[in-house]
Amino acid sequence: MTGRRGLMLLLPVALGAILVWQALATPPDPPRDAYTERSVPVTVVTVTPRVFVPQISGYGKVMPARVWSAVAQVSGAVASMHPAFVRGGFVAEGEVLVRIAADDYLLGLQSAEADLRHAEARVAEIRGSRHTNDALLAIEREALHLAEADLARTERLAQAGTVSTTVVEARRRDVLAQRSVVQSLENTRALLPA
């Protein structure tokens, strides 16, 4: 057992000796220099402005970088065009390129106004027809009420034996005819647009 204790004591001492030997055998880090900015010499050239027209000569097909195509949102004849509005031309932003003649637009506007006046006249006519129909319907309903009252009187007289059945039937035909007139006016009123 003492042999084991001695071995357990010797093992940490040997391990410490190996670590010390390893630390002494490793070379030290190289010395570090402080960072300094390096200066770079600059060459200065004085340039005098000159007028220069670039010229390019080449062979093959030339294609534009951007192509613009316009679609008119209104129809009409072209009244005027910008002089630079041609294939390959240049125009500044905000310039008017094409003016369209206002004749077709004004004609369409006048036509729409005429249609509006016609529709307003038609509405006024329908309102007048409705008013006339309502007044005539009130009169015909009153006439139906009177015809029904006359039929009721005639039926009472027929039960008393003072009036013949032919007169009662004639009064019933009058009531049915008046109901037909009232129903016809109510149908006409229902068919008038709102």
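Bear in mind that the values here come from a model prediction, so they are computed numbers and not experimental data. The first residue of the sequence shown is numbered 1, and numbering continues consecutively from there.
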Open item on the list: If you compare all heavy atoms of V168 against all heavy atoms of A158, which two are closest, and at what distance to 0.1 Å?
Closed with: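 Smallest heavy-atom distance, with atoms named: CG2-CB, 3.4 Å.
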
Exercise. If you take all heavy atoms of R189 and D134, which pair is closest and at what distance?
Worked result: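 Distance-wise, the nearest heavy atoms are NE-OD1, 2.5 Å.
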
Name all residues meeting the salt bridge (charged side-chain N to carboxylate O under 4.0 Å, His left out) criterion together with [X]; count only those two or more places apart in sequence or in a different chain, and write none if there are none.
X: E155; result: R172
X: E142; result: none
X: R122; result: E125
X: R156; result: none

Residues in side-chain contact (heavy atoms from CB on, under 4.5 Å) contact with [X], at least two apart in sequence or another chain:
X: A84; value: H82, V91
X: E169; value: R173
X: L106; value: A102
X: D104; value: none

Linking Ile, Leu, Val, Met, Phe, Trp and Tyr through side-chain heavy atoms less than 4.5 Å apart, which residues share a cluster with L157?
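Members alongside L157: V163, V167.
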
Other than L176, what residues sit in its cluster of Ile, Leu, Val, Met, Phe, Trp and Tyr side chains whose heavy atoms are under 4.5 Å apart, directly or through others?
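Noted: L176 shares its cluster with no other residue.
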
Spacing of L144 atom CG and L151 atom CG [to the nearest 0.5 Å]:
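The CG atom of L144 sits 10.5 Å away from the CG atom of L151.
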
- Would you give the length of the straight line joining atom CG of N133 to atom CD of E186, rounded to the nearest 0.5 angstrom?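 If I round to the nearest 0.5 Å, the distance is 9.5 Å.
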
* Only pairs at least two apart or in different chains count here, so list each side chain to side chain donor-acceptor pair (under 3.5 Å) that has a residue in residues 108-119. =>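 Those involving residues 108-119 do not exist here.
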
Could you note down all residue pairs passing side chain to side chain donor-acceptor pair (under 3.5 Å) where residues 174-183 supplies at least one of them, sequence neighbours left out?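 Every pair satisfying side chain to side chain donor-acceptor pair (under 3.5 Å) with a residue in residues 174-183: E140-Q178, E148-R179, Q183-N187.
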
Quick one: do L15 and W21 end up in the same hydrophobic cluster if we chain Ile, Leu, Val, Met, Phe, Trp and Tyr together by side-chain heavy atoms under 4.5 Å apart?
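As far as the 4.5 Å side-chain criterion goes, W21 and L15 are not connected within one cluster.
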
task = Determine, using the 4.5 Å side-chain heavy-atom cutoff (strictly less than), whether M81 and L97 are members of one ILVMFWY cluster.
result =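 Yes, because M81 and L97 connect within a single hydrophobic cluster, where side-chain heavy atoms sit under 4.5 Å apart.
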
